[in-house]
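These numbers come from a predicted model, not from an experiment. Excluded from the calculations below are hydrogen atoms, water molecules and symmetry mates; all remaining heavy atoms, backbone and side chain alike, are included.
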Amino acid sequence: MNAAPIRLLLADDHPIVRAGLRAVLDTEPDFSVAGEAATAERAVELASSDAYDVVLMDLQFGAGMHGAEATAKITARPGAPRVLVLTTYDTDADILAAVEAGAAGYLLKDAPPEELAAAVRTAASGRSALAPAVAHRLMDRMRTPAEALTRRELEVLQLVGDGLSNQQISKQLFLSQATVKSHLVHIYAKLGVDSRTAAVAAASARRLIRQPG
């Protein structure tokens with residue numbers, strides 16, 4: 001008797017990407033693409049049922065909910081499906097946000113089909129499925145914890161890179177402006193810089209945050 005197929009939910013705001021994923025995953029005899037979601041909100045709604053085993057989650061959904069936030073909402077429910085992040089972003093800020101949200105794995109969209117299939121099976125089995133490059137970045141952070149930016153520092157610096165002022169950052173992250181300034185002081189010290197522009201440039205070059213613009 002064959003085991004039940006791994007039921008998949010594809011969460012990505014690009015129809016072409018979802019179609020491509022479906023085409024690849026449908027070739028695996030033990031997979032069943034059981035649903036699709038064009039928004040993170042819809043993914044959370046669908047994943048609240050018992051119809052899925054693994055959610056393939058993008059991180060960016062236009063102006064809507066972020067994929068990491070959706071991941072946290074999905075994984076907070078007992079018996080929830082496993083979430084495998086599938087994205088183009090390999091920055092520390094994105095990786096940490098996804099892992100801390102409860103993602104079972106993190107894979108880049110340029111991964112070969114066999115690597116994607118293996119990651120889905122690994123996630124479905126309850127184990128961690130990290131792309132080699134992602135695992136390497138996490139290991140580097142563990143080796144030099146004193147030099148690594150914290151999750152909050154990465155959040156602040158990403159918003160600086162997005163062009164937000166200290167006041168706007170304090171409102172978005174529910175922090176006082178003094179706390180934002182304190183985070184920036186620590187960021188400058190860790191990166192060896194003395195300005196917002198230099199901090200963003202250094203962090204972008206090291207793939208700690210996404211490139212501005």
Seminar exercise, completed: One should read off an interatomic distance between Asp94 CG and Ile209 CD1, to the nearest 0.5 angstrom, of 10.5 Å
Problem set entry | For Arg206, salt bridge (Lys or Arg N to Asp or Glu O under 4.0 Å) partners two or more places apart | none
Exercise. Can any side-chain N or O of Asp162 pair as donor or acceptor with the backbone N or O of Leu164 at less than 3.5 Å?
Worked result: no
Problem set entry | Path from Val54 to Val85 over hydrophobic side-chain contacts below 4.5 Å | no
Exercise. Residues two or more places apart in sequence or in another chain: which of them pass side-chain contact (heavy atoms from CB on, under 4.5 Å) with Arg127?
Worked result: Thr122, Ser125
Problem set entry | Where at least one partner belongs to residues 95-106, residue pairs that pass side-chain hydrogen bond (donor to acceptor under 3.5 Å, both in side chains), sequence neighbours excluded | Glu100-Arg151
Seminar exercise, completed: For residues 173-184, the side-chain hydrogen bond (donor to acceptor under 3.5 Å, both in side chains) pairs (sequence neighbours left out) are Ser176-Thr179
Exercise. Hey, what do you get for CG (Leu21) to CG (Leu8), rounding to the nearest 0.5 Å?
Worked result: 9.5 Å
Exercise. How would you list all residue pairs meeting salt bridge (Lys or Arg N to Asp or Glu O under 4.0 Å) that involve residues 182-198, not counting sequence neighbours?
Worked result: Glu153-Lys190
Exercise. Side chain of Gln168, backbone of Ser165: donor and acceptor closer than 3.5 Å?
Worked result: yes
Exercise. Who passes side-chain contact (heavy atoms from CB on, under 4.5 Å) against Ala148, sequence neighbours left out?
Worked result: Arg141
For this session: Tell me, please, which residues at least two apart from Lys171 pass side-chain contact (heavy atoms from CB on, under 4.5 Å).
Result: Gln167
Problem set entry | Transitive ILVMFWY cluster of Met57, excluding itself - 4.5 Å side-chain cut-off | Leu9, Val44, Leu46, Tyr52, Val55, Phe61, Met65, Ile74, Val83
Problem set entry | Listed partners of Arg137 passing side-chain contact (heavy atoms from CB on, under 4.5 Å), at least two apart | Asp92, Ile95, Arg207, Leu208
Can you give each donor-acceptor pair under 3.5 Å made by side-chain atoms of residues 23-30, sequence neighbours left out, with the distance rounded to 0.1 Å?
from  : atom 1 : to     : atom 2 : distance (Å)
Thr27 : OG1    : Val24  : O      : 2.6
Glu28 : OE1    : Arg121 : NH2    : 2.6
Asp30 : OD1    : Arg121 : NH2    : 3.0
Asp30 : OD2    : Arg121 : NE     : 2.7

For this session: Would you kindly confirm whether Val99 and Tyr89 end up in one hydrophobic cluster when ILVMFWY residues are joined by side chain heavy atoms under 4.5 Å apart?
Result: yes
Exercise. Going by the salt bridge (Lys or Arg N to Asp or Glu O under 4.0 Å) test, which pairs reach into residues 53-63, not counting sequence neighbours?
Worked result: Arg7-Asp53, Asp58-Lys109
Problem set entry | His66 side chain to Ala68 backbone, donor-acceptor under 3.5 Å | yes
Exercise. Does anything in residues 16-25 pair up under side-chain hydrogen bond (donor to acceptor under 3.5 Å, both in side chains), and if so which pairs, sequence neighbours excluded?
Worked result: Arg18-Glu36, Arg22-Glu36
